[in-house]
Peer 1: 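Structure provided below as structure tokens; questions to follow.
Bear in mind the structure is a predicted one, so any value in this text is a computation, not a measurement. Sequential numbering from 1 along the given sequence is applied to the chain's residues.
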Amino acid sequence: MTWYPNSEPRHGSRGRKGDVGEKLVEEYFLHNSITYEHKTDYESQVHKKIDFNVGEITIDVKNNIFNSYHCVELEKKNRTPGWLFTSSADKIYAVDSKNKNIYSYSLGEMRKYINMLENRSSREKITKTGDLVIWVKVTEPFFTKLQ
């Protein structure tokens, strides 16, 4: 998410946190000489949930890894679909900004994984902001550690 001066009152600290993740991914691209396009327009950022293009691959960055677990948003607090189902990106770059780690996975693979989970409801949690999430270990085989 590109941070605009009026974003914090609307999106709070998570918008600023998202920018930290995007910056780390951008540094990764530059360090590894990967050609990319940073999508900062409203349509890409808000409606499509796309932060970068690398060739034909679209990427949504999520800065939400804690203790080797990635937080996947299933539903927002108003019970509309979370980013797992609304992002139009091909890949998610999941960032652990504390340890400067970046993991990549196919959004389709994560959707398949979540839909096939046994005892899924027992793993679902409501966050302090009221969103429904599930925590997924970054050691699952569909994750690739990039950095």
Peer 1: Does Asp96 reach the main-chain N or O of Asn99 with its side chain, forming a donor-acceptor pair under 3.5 Å?
Peer 2: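 Checking the backbone N and O of Asn99 against the side chain of Asp96, a donor-acceptor pair under 3.5 Å is found.
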
Peer 1: Minimum heavy-atom separation for Glu124 and Leu132, please, with both atom names.
Peer 2: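 Taking every non-hydrogen atom into account, CB-CD1, 3.7 Å.
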
Peer 1: Just verifying a value: how many Å separate Asn53 CG and Ile59 CD1, rounded to the nearest 0.5 Å?
Peer 2: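 Reported value, rounded in 0.5 Å steps: 7.5 Å.
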
Peer 1: Indicate, with yes or no, if Tyr105 and Ile34 share a hydrophobic cluster defined by side-chain heavy-atom contacts under 4.5 Å among Ile, Leu, Val, Met, Phe, Trp and Tyr.
Peer 2: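 No; tracing contacts between hydrophobic side chains, which count when under 4.5 Å, never links both residues.
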
Peer 1: Compare every heavy atom of Lys77 with every heavy atom of Thr129, then report the nearest pair and how far apart it is.
Peer 2: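 Minimum heavy-atom separation between Thr129 and Lys77: O-CD, 3.2 Å.
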
Peer 1: With clusters defined by side-chain heavy atoms of hydrophobic residues (ILVMFWY) lying less than 4.5 Å apart, directly or transitively, does Leu117 cluster with Met110?
Peer 2: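 Yes: a chain of side-chain contacts under 4.5 Å links Met110 to Leu117.
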
Peer 1: Out of curiosity, does Tyr28 fall in the hydrophobic cluster containing Tyr103 (side-chain heavy atoms, cut-off under 4.5 Å, transitive links)?
Peer 2: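 No, because Tyr103 and Tyr28 fall into different hydrophobic clusters, even though each may have its own neighbours under 4.5 Å.
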
Peer 1: Any idea which heavy atoms bring Pro81 and Lys76 closest together, and the distance?
Peer 2: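 In terms of heavy atoms, the two residues are closest at O-CG, 4.1 Å.
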
Peer 1: Scan residues 80-89 for pairs that pass side chain to side chain donor-acceptor pair (under 3.5 Å), counting only residues two or more places apart or in two chains.
Peer 2: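 Counting only pairs at least two positions apart or across chains, the side chain to side chain donor-acceptor pair (under 3.5 Å) contacts touching residues 80-89 are Asp60-Ser87, Asn78-Thr80.
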
Peer 1: Would Tyr93 and Phe52 count as a side-chain contact (heavy atoms from CB on, under 4.5 Å) if you check the C-alpha gap in whole Å, the side-chain angles of each, and the deciding distance to 0.1 Å?
Peer 2: CA-CA 10 Å; Tyr93 277 23; Phe52 293 98; over 6 Å; no

Peer 1: If you take all heavy atoms of Gln45 and Ile50, which pair is closest and at what distance?
Peer 2: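 Smallest interatomic distance, heavy atoms only, reads NE2-O, 3.8 Å.
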
Peer 1: By the definition side-chain contact (heavy atoms from CB on, under 4.5 Å), identify the one residue from Ile92, Val72, Leu84 that meets it with Lys62.
Peer 2: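 Among the candidates, only Ile92 passes.
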
Peer 1: Are His38 and Asp51 close enough that a side-chain donor and a side-chain acceptor fall under 3.5 Å?
Peer 2: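 Not at all, the side chains of His38 and Asp51 share no donor-acceptor pair under 3.5 Å.
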
Peer 1: May I ask you to test the Leu74-Ile114 pair for a side-chain heavy-atom distance under 4.5 Å?
Peer 2: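 A side-chain contact under 4.5 Å exists here.
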
Peer 1: Mind checking whether Val61 and Ile65 sit in one hydrophobic cluster, side chains of I, L, V, M, F, W, Y counted as touching below 4.5 Å?
Peer 2: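 No: no chain of side-chain contacts under 4.5 Å links Val61 to Ile65.
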
Peer 1: With rounding to the nearest 0.5 Å, note down the distance linking NZ in Lys49 to CD in Glu43.
Peer 2: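 It is 10.5 Å, given to the nearest 0.5 Å.
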
Peer 1: Show me the donor-acceptor pairs, under 3.5 Å and distance only, between side chains in residues 136-147 and residues at least two apart or in other chains.
Peer 2:
| unit_1 | atom_1 | unit_2 | atom_2 | d |
| --- | --- | --- | --- | --- |
| Glu140 | OE2 | Tyr113 | OH | 3.4 |
| Gln147 | NE2 | Lys100 | O | 3.2 |

Peer 1: Is the number of heavy atoms from other residues, nucleotides or ligands within 6.0 Å of CG (Asn32) greater than 12?
Peer 2: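 More than 12 heavy atoms, drawn from other residues, nucleotides or ligands, come within 6.0 Å of this atom.
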
Peer 1: Are His47 and Tyr42 close enough that some pair of their side-chain heavy atoms sits under 4.5 Å apart?
Peer 2: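 Counting from C-beta outward, His47 and Tyr42 do come under 4.5 Å.
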
Peer 1: What closest approach, in Å, do Asn64 and Cys71 show between heavy atoms, and which atom pair accounts for it?
Peer 2: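 Scanning both residues completely, I find the closest heavy atoms to be ND2-O, 2.7 Å.
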
Peer 1: Which heavy-atom pair separates Ile102 from Leu24 by the least distance, and what is that distance?
Peer 2: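 Heavy atoms of Ile102 and Leu24 come nearest at CD1-O, 3.8 Å.
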
